[in-house]
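So the structure is just underneath, and the comments pick up after that.
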Amino acid sequence: MQKKGVIIQGSSRSEGNTNIISKYIQEKTGFDIIDLKSKEISSFDYDFNNQGDDFIPLMKEIVDNYDVLIFATPVYWYSMSGIMKNFFDRISDCLKTEKDTGRKLRGKSMAMISCGSDSELKEGFEMPFRESANYLGMHYIGNIHTWFENELISETLKIELNTFIEKKIKTVYNNLYN
Ligand SMILES: Cc1cc2nc3c(=O)[nH]c(=O)nc-3n(C[C@H](O)[C@H](O)[C@H](O)COP(=O)(O)O)c2cc1C
């Protein structure tokens with residue numbers, strides 16, 4: 001069965017700037033959006049007393065339905081958002097209690113989109129995504145940084161985004177299914 005791609009949105013506001021970027025990508029790709037803010041996902045627990053929250057059902061939904069995962073995060077204090085980091089920490093559940101789900105991540109593709117107020121993304125921001133993909137046996141497609149000027153996506157950025165979508169995301173996706 002052909003699986004779709006998904007944009008996993010990790011902003012502290014569901015309809016903020018990261019959502020505008022996520023929707024822009026959705027329009028060009030037809031990928032679904034999962035809003036982590038709308039889920040109940042507690043922080044990682046060594047005792048796994050949090051297994052009743054939304055993380056495991058969500059992760060199962062992701063591995064069973066999607067082959068291309070695009071993580072869309074705002075830049076908060078030079079890092080990914082806390083909501084996004086929480087999600088990554090919980091992937092550790094998939095190395096312990098949910099190994100079958102974790103194994104299904106292997107061979108899938110990951111990309112990352114950051115959204116800040118500054119046009120520059122500081123060195124090192126991308127590393128946790130690239131290395132996590134590597135650790136999980138996923139293919140890392142790459143990243144693009146976005147930012148807002150007067151609450152708008154600039155025309156230059158739109159061109160960069162379109163190129164990223166066409167040359168990176170769609171190339172990987174089409175290679176999977178065509
Ligand atoms: C807690 C917090 C920390 C932030 N830190 C940074 C930062 O380090 N670098 C930056 O460029 N923008 C920073 N910003 C600005 C946001 O990245 C920017 O406004 C982004 O577009 C917000 O996306 P959102 O609407 O999805 O939250 C910060 C905003 C917040 C709320």
Side-chain angles (χ1 to χ4, degrees), residues 4-45 50 53-55 57-59 61-62 65-66 68-92 108-134 136 138 140-170 172-173:
K4 285 176 78 172
V6 65
I7 301 152
I8 301 171
Q9 179 186 303
S11 172
S12 284
R13 50 180 181 176
S14 292
E15 297 187 348
N17 294 343
T18 308
N19 181 246
I20 293 172
I21 299 290
S22 298
K23 284 196 297 200
Y24 185 87
I25 297 161
Q26 180 178 49
E27 209 177 278
K28 306 264 172 196
T29 57
F31 288 7
D32 292 334
I33 296 177
I34 290 175
D35 176 15
L36 293 180
K37 167 93 175 143
S38 72
K39 308 283 178 186
E40 205 62 58
I41 301 176
S42 48
S43 56
F44 177 75
D45 178 8
N50 51 10
D53 70 9
D54 290 339
F55 178 75
L58 175 63
M59 202 60 195
E61 182 194 328
I62 292 171
N65 293 295
Y66 304 104
V68 179
L69 279 48
I70 304 179
F71 288 96
T73 177
V75 179
Y76 292 161
W77 289 102
Y78 314 101
S79 311
M80 72 176 84
S81 67
I83 287 178
M84 185 64 84
K85 180 60 167 55
N86 220 17
F87 181 85
F88 270 88
D89 285 358
R90 288 295 298 279
I91 295 178
S92 301
K108 294 189 189 287
S109 296
M110 180 196 295
M112 184 274 282
I113 300 201
S114 49
C115 177
S117 53
D118 199 333
S119 62
E120 183 200 357
L121 186 66
K122 297 284 184 190
E123 196 190 329
F125 187 97
E126 185 196 11
M127 180 275 287
F129 296 89
R130 196 180 53 237
E131 294 305 328
S132 300
N134 193 20
L136 294 165
M138 299 175 72
Y140 188 66
I141 298 172
N143 80 305
I144 183 165
H145 178 60
T146 64
W147 68 97
F148 278 75
E149 284 168 16
N150 305 322
E151 299 180 5
L152 288 171
I153 311 178
S154 72
E155 290 307 312
T156 325
L157 179 58
K158 274 188 190 165
I159 294 168
E160 279 181 38
L161 263 170
N162 294 346
T163 307
F164 184 76
I165 292 163
E166 291 300 325
K167 296 253 155 54
K168 302 265 178 140
I169 307 291
K170 285 197 182 168
V172 167
Y173 190 70

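Quick caveat: nothing in here was measured; it's all calculated off a predicted structure. When a ligand or atom number is given, it counts from 1 through the structure's own listing order.
- In summary, the atoms of ligand 1 found under 4.0 Å from a heavy atom of Arg13, numbered by their order in the structure, are 24 (P), 25 (O), 27 (O).
- Trp77 N, 2.8 Å is the protein heavy atom nearest to atom 5 (N) of ligand 1.
- Atoms of ligand 1 lying under 4.0 Å from any heavy atom of Asp118, numbered from 1 in the order shown and given with element: 11 (O).
- Taking every heavy atom of Ser11 and a limit of under 4.0 angstrom, the matching atoms of ligand 1 come to 24 (P), 26 (O), 27 (O).
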| query | Between Met110 and Phe129, does a side-chain contact (heavy atoms from CB on, under 4.5 Å) hold up when you go through it step by step? | reply | CA-CA 8 Å; Met110 180 196 295; Phe129 296 89; 4.2 Å; yes

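- For atom 28 (C) of ligand 1, the closest non-hydrogen atom on the protein side is Val75 O, 3.4 Å.
- For atom 2 (C) of ligand 1, the closest non-hydrogen atom of the protein is Tyr76 CD2, 3.5 Å.
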| Step by step, would you call Ile169 with Lys28 a side-chain contact (heavy atoms from CB on, under 4.5 Å)? | CA-CA 10 Å; Ile169 307 291; Lys28 306 264 172 196; over 6 Å; no

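- Phe148 has its side chain within reach of Ile153: a pair of non-hydrogen atoms, C-beta onward, lies under 4.5 Å apart.
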| task | Could you walk me through whether Arg130 and Asn143 pass the side-chain contact (heavy atoms from CB on, under 4.5 Å) test, one step at a time? | result | CA-CA 9 Å; Arg130 196 180 53 237; Asn143 80 305; over 6 Å; no

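- Every atom of ligand 1 is numbered from 1 in the order shown, and the set under 4.0 Å from a heavy atom of Cys115 is 17 (O), 20 (C), 21 (O).
- Selection from Thr18, Leu121, Ile21, Thr146 by nearest heavy atom to atom 23 (O) of ligand 1 gives Thr18.
- With respect to Arg13 and Glu15, no salt bridge is recorded, no charged nitrogen being found less than 4.0 Å from a carboxylate O.
- Which parts of ligand 1 touch Tyr78 is read off a 4.0 Å heavy-atom cut-off, strictly below it: atoms 7 (C), 8 (O).
- Residues Tyr24 and Asn162 bring a donor and an acceptor atom of their side chains to less than 3.5 Å of each other.
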| request: Apply the test side-chain contact (heavy atoms from CB on, under 4.5 Å) to residues Asn65 and Val6: give CA-CA distance (whole Å), side-chain angles for both, the deciding distance (0.1 Å), then the verdict. | output: CA-CA 9 Å; Asn65 293 295; Val6 65; over 6 Å; no

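- Residue Pro74 touches ligand 1 through its side chain alone, judged by heavy-atom distances below 4.0 Å.
- Regarding atom 12 (N) of ligand 1, its nearest protein heavy-atom neighbour is Ser117 OG, 3.0 Å.
- Among protein heavy atoms, the minimum distance from atom 19 (O) of ligand 1 is reached at Asn17 ND2, 3.9 Å.
- The distance from ligand 1 to the heavy atoms of Gly16 drops below 4.0 Å at these ligand atoms: 25 (O).
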